[in-house]
Amino acid sequence: MPDALVETLRGIVGDDHVLTEADLRAGYESDWTRRYHGEARLVVRPADTQQVGAVVRACGKAGAAIVPQGGNTGLVGGSVPRGGEVVLSLRRLDNIGPVDAIAGEVTCGAGVTLAALHQAAREAGWAFGVDLASRDSATIGGMVSTNAGGVRVIRYGGMRRQLLGFEAVLADGSVVRRLPGLVKDNTGYDLGQLLCGAEGTLGVVTAVRLKLVPAQTRRVVALLAVPDLREGLQVVAAVRSAMPSLEAAEAFFPEGVDLVIKHTGLPAPFATRPGCFVLVECAAQRDETGELAEVLAAQPGIVDSALAVDAPDRARLWAYRERHTESINAEGVPHKLDVTLPLDRLAEFEQRVRQVIADAVPGARPVLFGHAGDGNLHVNILGLETDDERADDAVFHLVAELGGSISAEHGIGIAKRAWLPLTRSREDIAAMRAIKRALDPAGLLNPGVILPPE
Ligand code: 2HG
Ligand code: ZN
């Protein structure tokens, strides 16, 4: 039977941008880990905000649910169809406005990649505060929608802190625009901050106004071998209290480094195999290598270290951390549990979680790594069936017991919605449902994401 919606959408975006053939849809239907996939009714690729509005209106009229999608680098199943939805790709909204050099701000379309934004900021003598490993594909709209964090949160915060203004299409196809955005603006509800982290369930972000930060010209990275995470956190605390230029503080373990070595061919970073690796980066307007070396020298827990100042050397050290995700993926389809703990419980969590996983599913292979400076660990688990959630359940219960959150920076998606009540009260969830109902009464936008069907 001909799909009337296809014709309507072709009239809005042009024939070439409504994808109905299975092979053309495929790249939009499966997530990066291959754990989440579903068939889309079609993929539509509007070119601008006005077209996004028309597409949303047409879908609403046809009763067709929409899954908004950016670079499709999400890790919780929130950006791929579950079955029969329209995938609304925002990638063509890739315009970057001129950098406002007086305010240190820029307006960019939802489809701009993080790498392109970094480059535009750099060319204007500024920097953008958020950075993460999938920078070449991740788009700003998706990063706002998931309130992405990344490796510099300890210094600059996540996407929420960069967001000064927004433009979005609401579920009825109308457009709300608060651009360019003001640093001070107390005029009612902050809809931009509400859309940020809403994972496309309350509106479709089409453009944002973002804060930029001063470009730091001198960087130093240290890769450190320590006996365990507890010791690693001591080192991070020492650097943090002594050096305001601390920009990243990451931790990982031999289980992950072994995989990185296996899949990238990189040499082992140190002659000995420590219990834990810590990577810190400081960035300033002048060379702070001496200061960092001095702080580190006073840390008795460090058993081995490598310092890098030049860009290729820094990249070489970062590779041991940043190439975890792809190396894990090369081993199989992981379950990805992105959790955060109060910093004073993080080491206890790390010490207990492997056993908790082993007890839940004997033979499961945990690989932990993450952002030690902000209490965020990525608990990746290999060797599990896609829908065997026993290990996930056990880990989330441990997180809740220790006062943490089941999602630090990846969002809830469909992957974690069943555990929302572990760390959100009934009243809290009811308030979230009320907001969803108010802004999307027909349940058109990313249905089933964050909040399970009632
Ligand atoms: C990172 O920190 C990303 O590299 C991905 O948040 C984490 O692959 C993961 O689990
Ligand atoms: Zn991360």
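This chain uses plain numbering: 1 for the first residue, then up along the sequence. Atoms within a ligand are numbered from 1 in the order they appear, just like the ligands themselves.
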_Quick check with a 6.0 Å cut-off and a 45 degree axis cone: is Arg82 positioned over the face of Tyr36's six-membered ring?_
no
*Matching residue for Tyr156 among Lys211, Glu247, Gln162, Arg161 - test: side-chain hydrogen bond (donor to acceptor under 3.5 Å, both in side chains)*: Glu247
*the Zn ion (ligand 2) to His410: any N/O/S contact under 2.8 Å?*
no
*Identify the two heavy atoms, one from Lys336 and one from Thr325, that lie closest to each other, and give their separation to 0.1 Å.*
NZ-CG2, 3.9 Å
*Counting from 1, what ligand 1 atoms have a heavy atom of Glu409 closer than 4.0 Å?*
2 (O), 6 (O)
*Identify, by atom number and element, the atoms of ligand 1 in contact range of His378, meaning under 4.0 Å from any of its heavy atoms.*
1 (C), 2 (O), 3 (C), 6 (O), 7 (C), 10 (O)
_If the test is ring-ring contact (aromatic ring centres under 6.0 Å, His included), which one of His371, His335, His324 qualifies with His378?_
His371
*Identify, by name, the N, O or S atom of Glu409 lying closest to the Zn ion (ligand 2).*
OE2
*Report the part of Asp338 in contact with ligand 1, treating N, CA, C, O as backbone and CB onward as side chain, heavy atoms under 4.0 Å; options are side chain, backbone, both, neither.*
neither
*At a 4.0 Å threshold, what atoms of ligand 1 neighbour a non-hydrogen atom of Thr325?*
4 (O), 5 (C), 7 (C), 8 (O), 9 (C)
*asked:* If we check salt bridge (charged side-chain N to carboxylate O under 4.0 Å, His left out) with Arg390, which of these qualifies: Asp388, Asp387, Asp393?
replied: Asp388
*Would Asp100 and Arg209 pass as an ion pair if we require N to O under 4.0 Å?*
yes
*Of the side chain and backbone of His335, name the one, both, or neither that has a heavy atom under 4.0 Å from an atom of ligand 1.*
neither
*At the 4.0 Å heavy-atom cut-off, does His324 count as touching ligand 1?*
no
*asked:* With the threshold set at under 4.0 angstrom, would you say Leu132 reaches ligand 1 through any of its heavy atoms?
replied: no
*Can you tell me the protein heavy atom closest to atom 9 (C) of ligand 1 and the distance?*
Lys336 NZ, 3.2 Å
*Compare every heavy atom of Ile328 with every heavy atom of Leu382, then report the nearest pair and how far apart it is.*
CD2-O, 3.7 Å
_Angle at the Zn ion (ligand 2) (to 10°), with one arm to NE2 of His371 and the other to NE2 of His378_ = 100°
*asked:* Quick check: closest heavy atoms across Pro81 and Val67, and the distance to 0.1 Å?
replied: CA-CG2, 4.0 Å
*asked:* Within the 4.0 Å heavy-atom shell around Asn380, which atoms of ligand 1 are there?
replied: 9 (C), 10 (O)
*What protein heavy atom sits nearest atom 6 (O) of ligand 1, and how far away is it?*
His410 NE2, 2.8 Å
*For His371, counting its heavy atoms only, list the atoms of ligand 1 lying under 4.0 Å from any of them.*
2 (O)
*Is any NZ, NE, NH1 or NH2 atom of the basic residue among Glu331 and Arg365 found under 4.0 Å from an Asp or Glu carboxylate oxygen of the other?*
yes
*Of the side chain and backbone of Glu322, name the one, both, or neither that has a heavy atom under 4.0 Å from an atom of ligand 1.*
neither
*Starting from atom 2 (O) of ligand 1, find the nearest protein heavy-atom neighbour and note its residue, name and distance.*
Arg321 NH2, 2.6 Å
*Taking all heavy atoms of Pro269 and all of Ile261, pick out the closest pair and write down the distance.*
CD-CD1, 4.1 Å
